[in-house]
Amino acid sequence: MPEQVTATVNTIKAGEIHLWQLSLSDTRQALEHWLDQEEILRLRSISGSVQARRYLVSRCALRQVLANYLGSSPRKLSFSIEPGGKPFI
């Protein structure tokens with residue numbers, strides 16, 4: 001399945017706030033091959049199909065939104081976590 005990459009890159013100007021809303025039951029953007037190894041392990045550790053689907057949809061949506069702003073593909077994003085638990089790209 002090909003990756004969806006948006007041609008235009010979103011930008012945030014000073015003083016702007018962008019809000020995004022999604023339905024966790026939306027399956028159109030849930031592409032497991034976008035996830036990295038840690039996300040796949042987390043997905044497989046979730047008991048219950050509804051919770052697993054919500055995790056998958058939310059991670060894919062996060063990747064799509066961030067990729068839009070960064071001009072990247074969702075699959076190429078690499079997430080890490082600081083010692084205090086704060087995530088970063």
Side-chain angles (χ1 to χ4, degrees):
M1 186 176 246
E3 292 184 22
Q4 180 181 354
V5 179
T6 305
T8 58
V9 175
N10 288 328
T11 58
I12 299 178
K13 297 176 184 153
E16 283 187 343
I17 298 173
H18 292 192
L19 299 175
W20 294 84
Q21 179 180 343
L22 73 136
S23 168
L24 292 177
S25 62
D26 187 2
T27 59
R28 292 173 293 161
Q29 293 297 324
L31 303 172
E32 190 172 336
H33 71 272
W34 283 1
L35 304 182
D36 63 25
Q37 193 62 32
E38 278 188 39
E39 290 168 315
I40 290 170
L41 291 174
R42 169 90 170 111
L43 175 64
R44 293 188 179 147
S45 74
I46 298 172
S47 60
S49 61
V50 172
Q51 292 84 0
R53 190 70 187 163
R54 286 178 177 170
Y55 175 80
L56 176 60
V57 170
S58 66
R59 294 306 291 189
C60 289
L62 174 65
R63 285 178 168 278
Q64 180 65 54
V65 168
L66 292 175
N68 248 348
Y69 286 101
L70 298 171
S72 180
S73 80
R75 176 67 186 123
K76 291 182 179 178
L77 297 178
S78 177
F79 297 96
S80 297
I81 298 177
E82 292 179 347
K86 184 176 179 180
F88 65 95
I89 299 177

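Since the model is a prediction, treat every value here as computed from it, not as a measurement. Only this structure's heavy atoms are used, side chains among them; waters, hydrogens and symmetry mates stay out.
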Rounded to the nearest 0.5 Å, how far apart are CG of Asp36 and NZ of Lys76?
-> 15.5 Å
In this structure, CZ of Arg42 is separated from CD1 of Ile46 (nearest 0.5 Å) by 4.5 Å
Can you sort out the partners of Gln37 under side chain to side chain donor-acceptor pair (under 3.5 Å), two or more places apart, ordered by chain and number?
-> none
Determine all donor-acceptor pairs shorter than 3.5 Å in which one atom belongs to a side chain in residues 55-63; sequence neighbours excluded.
from, atom 1, to, atom 2, distance (Å)
Ser58, OG, Arg54, O, 3.1
Ser58, OG, Tyr55, O, 2.9
Arg59, NE, Glu39, OE2, 2.8
Arg59, NH2, Glu39, OE2, 2.8
Arg63, NE, Trp34, O, 3.3
Arg63, NE, Glu39, OE1, 3.1
Arg63, NH1, Pro74, O, 2.6
Arg63, NH1, Leu77, O, 3.1
Arg63, NH2, Glu39, OE1, 2.8
Arg63, NH2, Leu77, O, 3.4

Residues 77-89 vs salt bridge (Lys or Arg N to Asp or Glu O under 4.0 Å), sequence neighbours excluded, gives none
Just list the side-chain donor-acceptor pairs under 3.5 Å for residues 11-21, sequence neighbours left out, or say none.
from, atom 1, to, atom 2, distance (Å)
Glu16, OE1, Lys13, N, 3.0
Glu16, OE1, His18, NE2, 3.1
His18, ND1, Tyr69, OH, 2.3
Trp20, NE1, Tyr69, OH, 3.3

Should the heavy atoms of other residues, nucleotides or ligands under 6.0 Å from CD of Gln51 be counted, would the total exceed 12?
-> yes
Going through the checks in order, is the side-chain contact (heavy atoms from CB on, under 4.5 Å) test met by Leu35 and Arg75?
-> CA-CA 7 Å; Leu35 304 182; Arg75 176 67 186 123; 5.7 Å; no
